[in-house]
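Below you'll find the structure, written out as structure tokens, and then a few comments.
Note that ligands are numbered from 1 as they come in the structure, with each ligand's atoms numbered from 1 the same way. Values in this document were obtained by computation on a predicted structure and should not be read as measured data.
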Amino acid sequence: MKPTQLVIALTKGRILDEVLPLFEQANIIPAEDISKSRKLIFDTSLPNVKLMVIRGSDVPTYVEFGSADMGVVGKDLLLEHGSEEFYEPLDLKLAECRLMTAEPVNAKEVSGRLKVATKFTNIAKKYFAEQGQQIELIKLNGALELAPSMGLADAIVDIVDTGKTLTANGLEPRELIAHVSSRVIVNKASMKIKNSIIRDVLGKLRAAVENS
Ligand code: PRP
């Protein structure tokens, strides 16, 4: 990739619907309608900037290895991935929610190891270790809220937004692990080699965040 060409990896799904209008305000507009295309990489209104649209959990990987220079991804996935390999210069303040522990309403104290179901296994491991609590981790990929009522786990670690999913499944939020929002990350080598274009794009995005 030429030093003047910039690839930005965006998280597909609901977050994209919030992120694209912000990019539009920053005058970075996809050349075609992303939602109507099967393509995964798109030209934009800026001739030297391309947008990739991939799963959020893959954004840190692409940016870490420099296949994408920049990325937009939730803080939850950054914490789960570990973020030694990139900078995190900007909070887009979009898709805001909380990463929390949750347990059945009125759950009794568990004797012995707490069984915790989550897809955020690294975050859960670190959090409970810091609390000095021994746990048994159960990795799930979705519908975590079902695990306690089905007897699979005592607690879950998951994203909470309105709290409606917890309530609908007889759970209540307990401890806050982290505030989550969409962040911009930048590959460390790209920041040096492509400094001018990255600073330009970051400046445009920062102005869009401040005006929104
Ligand atoms: C997240 C999370 C909860 C839900 C919480 O799932 O896993 O299930 O949102 O939102 P609420 O507090 O407003 O009810 P999401 O729909 O993002 O999909 P996921 O299952 O892929 O995580």
Side-chain angles (χ1 to χ4, degrees), residues 8-23 34-38 40 51-64 68 71-83 88 90-107 110 114-128 131 133 135-185 209 212:
I8 307 176
L10 301 181
T11 296
K12 70 177 182 181
R14 269 187 303 167
I15 291 180
L16 194 63
D17 297 336
E18 294 191 39
V19 167
L20 282 179
L22 191 86
F23 270 62
I34 291 180
S35 65
K36 295 207 173 94
S37 173
R38 304 291 291 178
L40 300 169
L51 298 177
M52 283 172 56
V53 181
I54 56 177
R55 283 177 78 112
S57 51
D58 291 333
V59 169
T61 308
Y62 268 92
V63 176
E64 178 177 338
V72 175
V73 60
K75 182 69 179 175
D76 52 337
L77 297 175
L78 290 177
L79 290 170
E80 181 62 17
H81 185 273
S83 39
E88 189 191 308
L90 184 60
D91 183 349
L92 295 182
K93 305 204 166 103
L94 298 175
E96 290 179 309
C97 52
R98 291 156 294 155
L99 194 57
M100 301 202 66
T101 68
E103 290 184 29
V105 175
N106 300 325
V110 174
L114 190 74
K115 285 193 280 176
V116 179
T118 188
K119 58 183 173 188
F120 302 103
T121 51
N122 293 329
I123 293 173
K125 218 180 281 175
K126 183 163 178 279
Y127 176 75
F128 286 102
Q131 309 297 309
Q133 186 163 7
I135 60 161
E136 188 183 323
L137 264 182
I138 298 158
K139 163 90 190 200
L140 290 177
N141 295 305
L144 307 175
E145 292 87 355
L146 207 49
S149 66
M150 298 311 288
L152 185 62
D154 304 306
I156 62 170
V157 168
D158 199 9
I159 292 298
V160 180
D161 180 11
T162 61
K164 284 183 185 162
T165 311
L166 292 183
T167 307
N169 290 283
L171 303 173
E172 59 188 11
R174 289 287 167 91
E175 288 148 35
L176 174 70
I177 300 179
H179 286 282
V180 172
S181 56
S182 297
R183 309 293 166 94
V184 174
I185 57 173
V209 173
S212 62

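- Other residues, nucleotides and ligands place more than 12 heavy atoms under 6.0 Å from the OH atom of Tyr127.
- To the nearest 0.5 angstrom, His179 atom NE2 is 9.5 Å from Glu96 atom CD.
- Within 4.0 Å of ligand 1, protein heavy atoms come from Arg14, Lys119, Glu145, Asp158, Ile159, Val160, Asp161, Thr162, Gly163, Lys164, Thr165.
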Using distance only, find each side-chain donor-acceptor pair of residues 140-150 under 3.5 Å and give its atom names and separation, not counting sequence neighbours.
residue : atom : partner : partner atom : Å
Ser149  : OG   : Leu146  : O            : 3.2

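- Taking the salt bridge (Lys or Arg N to Asp or Glu O under 4.0 Å) definition, one finds that Glu103 meets it with Arg174, sequence neighbours left out.
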Validation: residues 8-21 side-chain donor-acceptor distances under 3.5 Å, sequence neighbours left out:
residue : atom : partner : partner atom : Å
Thr11   : OG1  : Val72   : O            : 2.8
Glu18   : OE1  : Ala95   : N            : 3.1

As a quick check of understanding, evaluate side chain to side chain contact (heavy atoms under 4.5 Å, CB included) for Val157 and Phe128, giving each step before the final call. CA-CA 11 Å; Val157 168; Phe128 286 102; 3.9 Å; yes
